[in-house]
Amino acid sequence: MQLSDRITGINAGGSDGWGIYIKARDMERAGQKVIHLTIGEHDVRTDRTILDAMHAATLAGHTGYSFGSGSPGLRERIARRVSERTGVTTTPDNVLVVPGGQAGLFATHMAACDPGDRALFIDPYYATYPGTIRSVGARPVPVLARAERMFQPDAADIAAAAGDGAASLLINSPNNPTGVAYSQETMEGIARTCQDHDLWLISDEVYDTQLWHGRHITPRALPGMAERTLVIGSLSKSHAMTGSRIGWVVGPEEALEHMGHLATNTTYGVAGFVQEAASFALDQGEGFETTIAAPFRRRRDLVLRLLDGQNVVRPIPPDGTMYVMLDIRATGLSGEAFAEALLDKHHVAVMPGESFGKAAAGHLRVALTVDDAQLEEAMRLLLALAAERAG
Ligand code: PLP
C-alpha cells in the first residue's frame with residue numbers, strides 16, 4: 001500500500017542525528033560501560049511527593065476521560081503562573097494542556113501553517129524541529145544563528161529568510177543545544193521582524209526555569225506580540241517529569257480554541273491523574289524548580305572550571321539549560337568525528353553539534369546529566385583526546 005508523502009517525509013530520508021546515542025546504547029547492551037552525556041534527561045527521577053499526588057489522584061477517581069483542552073483547575077493554575085511570571089494577563093482560555101512540549105510544537109505549527117507554507121526555525125535546533133514542521137505539511141527553513149555571534153540569531157537573517165509569505169518562526173530560549181539565552185536586543189529584533197513579516201512566533205520555553213543569571217525573557221511580553229505569539233511550556237525539564245508527558249501552549253484565545261479541537265481529535269487530552277500531579281507540582285513554587293535545576297548549574301560551573309587554562313576545547317558559557325556546548329574546531333575534527341572517536345576510545349558519549357544543524361558544526365553538546373565525579377572523568381578524557389588530536 002502507498003503511504004502518504006507526509007508520513008514518509010517526516011525524517012526526509014535523512015539521519016535524525018541520534019547515531020552516537022544509539023551506538024552508545026548498543027555498547028552498553030553488549031556489556032560495556034559508557035558515560036552518557038547525550039540526552040536531556042535528569043539523573044534524578046520524578047520527586048516522590050509528585051508521584052504520591054499522582055497516586056492519590058488515581059484513587060480519587062481521576063482515571064476516566066479528561067477534558068480535551070485540559071482540566072479547568074490546571075488551566076487556571078497555568079494561567080496564574082504565566083500571568084505572575086511574565087506580567088501578561090493570561091486566562092484559562094489562553095491555555096491548552098498538551099502531552100508534553102513536543103505535542104505543543106506540533107499543535108502550534110498546525111495552528112500557524114497551512115500545507116506548503118514556509119516555517120522558519122533557528123539553527124542550531126532541537127532535533128525534532130524540522131520533522132515536526134514536515135509533520136504538519138509545512139516546509140522547514142533554517143535560519144543560522146552563528147557561533148561568531150555567540151549563537152544569537154540576527155534579525156536581518158530572519159527577515160531575509162521570511163521574504164514574502166513565510167508563516168511562522170520557531171525560537172527556543174534558553175536554547176537547546178547551545179545553552180544560550182537570547183538577549184533583550186535579540187528578542188526585540190525577532191519581535192520586530194515577526195511584525196514586519198506578519199509571522200506567527202512560536203516560542204519554545206521549556207527551559208525557562210534553568211537560567212543561570214538574569215530573568216527569563218518571553219517575547220510574548222513584548223509590545224504587540226501577545227496576539228501573534230504561541231508559547232510552549234512543559235514540566236519535563238522544570239519538574240523532572242519527562243515521562244509524565246505534560247506541558248502547555250499559551251497564546252491568543254481564538255488560536256487556543258482551535259487547538260482545543262485538535263486535541264479532541266488527536267490525543268483526547270492528557271490523563272486526569274497526570275494533570276492533578278502537574279497542578280500539585282506547580283504549587284510547589286520556584287524553590288522546588290530551583291532545586292531541580294541546581295545540579296545543572298553546579299555542573300555547568302564545574303565544566304567551565306575544568307576547561308579553564310587551555311585553548312583547544314572552547315566552551316560557550318551557558319546562560320541556562322542542562323547542556324554545555326564545546327567548540328572543538330581547534331582539533332581539526334568535525335563534531336561527528338570527534339564524538340565517534342571519544343566513544344570508541346574512551347567510552348564517553350556526547351552529541352555532535354552537526355546533530356543540531358549546520359551552525360553547530362565543529363561543536364559538541366555535553367548533557368550535564370551524570371553525577372559530578374563521572375562528569376569530571378568524562379571531561380578529563382575529552383580533553384586528553386582533544387589535546388592528542390590538536391597535536
Ligand atoms: N523543546 C526542546 C528545546 C527540548 O529540548 C525538548 C526535549 O528535550 C522538548 C521541546 C520536548 O520536551 P517535552 O518532554 O516537554 O515534550
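One-based numbering, in listed order, for ligands and for the atoms of each. Here the structure is a predicted model, which means the values were calculated and not measured. Every heavy atom of this structure was used, including side-chain atoms; hydrogens, water molecules and symmetry mates were not. The residues of the chain are indexed from 1 along the displayed sequence.
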(Q) When you compare ligand 1 with Tyr207, is there at least one nitrogen or oxygen pair between them that comes in under 3.5 angstrom? (A)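 Between Tyr207 and ligand 1 (N or O atoms, distance only) the closest approach is under 3.5 Å.
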
**Q.** N/O separation below 3.5 Å, Gln102 to ligand 1
**A.**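 Between Gln102 and ligand 1 (N or O atoms, distance only) the closest approach is under 3.5 Å.
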
Q.
Can you tell me if Val206 contacts ligand 1 (heavy atom of the residue under 4.0 Å from the ligand)?
A.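 Contact present.
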
Neighbour count >12 (heavy atoms, 6.0 Å) for atom [atom1], [X]:
{"X": "Asp164", "atom1": "CG", "value": "no"}
{"X": "His258", "atom1": "NE2", "value": "yes"}
{"X": "Leu59", "atom1": "CG", "value": "yes"}

**Q.** Carboxylate-amine/guanidinium proximity below 4.0 Å for Arg329 and Glu148
**A.**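 Yes, charged N to carboxylate O under 4.0 Å.
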
(Q) To the closest 0.5 Å, what do you measure between CD (Gln152) and OH (Tyr182)? (A)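 Interatomic distance, Gln152 CD to Tyr182 OH, rounded to 0.5 Å: 7.5 Å.
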
Q) Relative to atom 14 (O) of ligand 1, which among Gly100, Gly243, Ser236 owns the nearest non-hydrogen atom? A)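 Heavy atom nearest to atom 14 (O) of ligand 1 belongs to Ser236.
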
Q | Heavy-atom nearest neighbour of atom 15 (O) of ligand 1 within options Pro174, Gly40, Ser234 | A |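 Selected option, by shortest heavy-atom distance: Ser234.
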
**Q.** Donor-acceptor pair between Asp52 and Thr49 side chains, under 3.5 angstrom
**A.**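 There is no such pair (donor and acceptor under 3.5 Å, judged by atom type) between the side chains of Asp52 and Thr49.
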
Closest protein heavy atom to [atom], given as residue, atom name and distance to 0.1 Å:
{"atom": "atom 9 (C) of ligand 1", "value": "Tyr126 CE2, 3.5 Å"}
{"atom": "atom 8 (O) of ligand 1", "value": "Lys237 NZ, 2.8 Å"}
{"atom": "atom 16 (O) of ligand 1", "value": "Arg245 NH2, 2.7 Å"}
{"atom": "atom 2 (C) of ligand 1", "value": "Asp204 OD2, 3.4 Å"}

(Q) As an exercise, identify every atom of ligand 1 less than 4.0 angstrom from a heavy atom of Asn172. (A)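 By the 4.0 Å cutoff, the relevant atoms are 3 (C).
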
(Q) Tell me whether Ile202 shares a hydrophobic cluster with Met187, the cluster being built from Ile, Leu, Val, Met, Phe, Trp, Tyr side chains joined at under 4.5 Å. (A)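 Cluster IDs for Ile202 and Met187 differ.
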
